[in-house]
Amino acid sequence: MLVTGGSRGIGAAVARAFAERGDRVAVHYRGDAAAAKTVRDSLPGDGHVVVQADLTSAAEVAAMVDAAAAGLDGLDVLVNNAGIYLDHPVLGTSYEQWQAAWQATLGVNLVGAANVTWCAVRHMVAGGRVPGPGAGRIVNVGSRGAFRGEPTHPAYGASKAGLHAFGQSLAVALAPHGITVASVAPGYVGTDMTSAELATAAGDAIRAQSPFGRVATVDEVAAAVVYLASPEAEWASGAVLDLNGASYLR
């Protein structure tokens with residue numbers, strides 16, 4: 001299995017969850033090779049690999065997916081987890097900053113994921129298991145922000161809404177080939193990137209969004225991803241699974 005953005009946070013938890021089930025994992029990273037190698041070396045089992053690409057580069061994406069498939073002797077599961085979250089409030093940025101934020105965010109979160117998927121599907125089909133049950137599994141890590149809105153990060157919210165819709169389109173297109181596509185839509189998740197904010201007064205307000213009075217853990221998100229990639233979840237293809245602790249109901 002290949003997980004993009006696997007060097008930290010949710011991606012690292014996903015890599016760990018699949019490895020604990022006996023899967024071989026390709027850990028993708030963009031710039032932090034040391035972190036990706038640390039994740040790889042911490043995984044149970046053997047045969048895990050590290051692969052690198054800037055997801056805004058179509059050529060790098062193709063080479064990265066090919067490297068993952070070669071290192072794993074095939075590819076049957078893809079988790080599109082990589083994403084960026086850039087602050088760009090509509091009334092607080094210049095036009096140039098606005099353009100840059102949209103281009104960068106969509107380039108990674110949506111177009112990058114679409115390109116990784118295109119390349120991965122070719123390997124799933126070439127693996128000889130298509131068509132057939134469990135031939136391939138694709139899980140997209142979307143966001144609650146796709147539905148709730150992201151006032152100061154509008155490109156992020158739009159990119160995740162697009163990712164959900166992209167997944168549903170491919171769920172229909174790929175079902176005849178035995179490939180399922182589903183998404184998770186987490187709310188706020190406790191990671192190394194959010195720990196500083198969660199330690200402030202703003203963290204109290206964030207935790208209060210959920211009646212459970214807390215945020216999600218990366219392991220909770222990873223468990224949902226593992227389920228959606230399992231043979232038992234075939235009938236969930238096309239679904240967008242909310243993981244927000246009842247903080248936003250739709």
Side-chain angles (χ1 to χ4, degrees), residues 1-19 23 25-30 36 39 51 53 55-56 61 64-65 68 75 77-86 105-118 120-121 136-148 150 153 155-171 179-194 215-230 233 236-245 247-248:
M1 70 84 58
L2 165 63
V3 54
T4 64
S7 65
R8 65 193 304 181
I10 293 172
V14 167
R16 183 170 58 250
F18 277 90
D23 291 310
V25 179
V27 179
H28 159 264
Y29 72 98
R30 182 186 65 175
V39 171
V51 290
L55 296 190
T56 64
V61 165
M64 179 272 290
V65 176
L75 190 61
V77 176
L78 166 65
V79 178
N80 284 311
N81 166 73
I84 60 174
Y85 187 69
L86 303 177
T105 303
L106 294 181
V108 174
N109 297 9
L110 183 55
V111 179
N115 288 342
V116 173
T117 302
W118 189 96
V121 166
R137 295 288 186 264
I138 299 168
V139 183
N140 298 318
V141 179
S143 173
R144 175 186 70 175
F147 309 109
R148 182 175 176 264
E150 292 285 348
H153 302 73
Y156 178 84
S159 72
K160 294 301 187 177
L163 186 62
H164 294 163
F166 167 71
Q168 291 178 323
S169 295
L170 288 199
I179 299 172
T180 69
V181 188
S183 301
V184 294
Y188 218 94
V189 182
T191 68
D192 60 324
M193 294 178 65
T194 62
V215 299
T217 68
V218 292
D219 291 333
E220 287 173 320
V221 179
V225 171
V226 167
Y227 166 69
L228 290 175
S230 69
S237 191
V240 179
L241 177 59
D242 290 334
L243 299 172
N244 63 49
S247 65
Y248 184 78

Phe147 to Val240 - nearest heavy-atom pair and separation: CZ-CG1, 4.0 Å
Pair Ile138-Val121, side-chain contact (heavy atoms from CB on, under 4.5 Å): steps then yes or no: CA-CA 9 Å; Ile138 299 168; Val121 166; 3.9 Å; yes
Inter-residue atom distance Leu110.CG - Phe166.CZ, 0.5 Å rounding: 8.0 Å
From OH (Tyr85) to CE (Met193), nearest 0.5 Å: 10.5 Å
Gap between atom CG of Leu78 and atom CZ of Arg137 - 0.5 Å precision: 13.0 Å
Distance-minimising heavy-atom pair for Thr191 and Thr194: N-OG1, 2.9 Å
Interatomic spacing from CG in Asn140 to CG in Asn80 - rounded to 0.5 Å: 5.0 Å
Donor-acceptor contact below 3.5 Å, side chain Ser143 vs main chain Ala185: no
pair Phe18-Val226: side-chain heavy atoms closer than 4.5 Å: yes
Side-chain donor or acceptor of Ser7 paired with backbone N/O of Val27 under 3.5 Å: no
Between CZ on residue Arg144 and OH on residue Tyr188, distance to nearest 0.5 Å: 9.5 Å
Shortest non-hydrogen contact between Val189 and Thr217, atoms and distance: CG1-C, 3.9 Å
Any donor-acceptor pair under 3.5 Å from Asn81 side chain to Gly5 backbone: yes
Straight-line distance of Asp219 CG to Ile10 CD1, nearest 0.5 Å: 10.5 Å
Where at least one partner belongs to residues 158-168, residue pairs that pass side-chain hydrogen bond (donor to acceptor under 3.5 Å, both in side chains), sequence neighbours excluded: Asn109-Ser159
Taking every non-hydrogen atom, the tightest pair across Ala224 and Val184: CB-CG1, 4.1 Å
Over all atoms of both residues, closest heavy-atom pair of Val141 and Pro186: CG1-CG, 4.3 Å
Side chain to side chain, Val116 and Met64, heavy atoms closer than 4.5 Å: yes
Non-hydrogen side-chain atoms of Met1 and Val79 separated by less than 4.5 Å: yes
Within-4.5 Å side-chain heavy-atom neighbours: Glu220 and Leu243: no
Heavy-atom closest contact (Val108 atom, Gly83 atom, distance): CG1-CA, 4.1 Å
Val77 and Asp23, any side-chain heavy atoms less than 4.5 Å apart: no
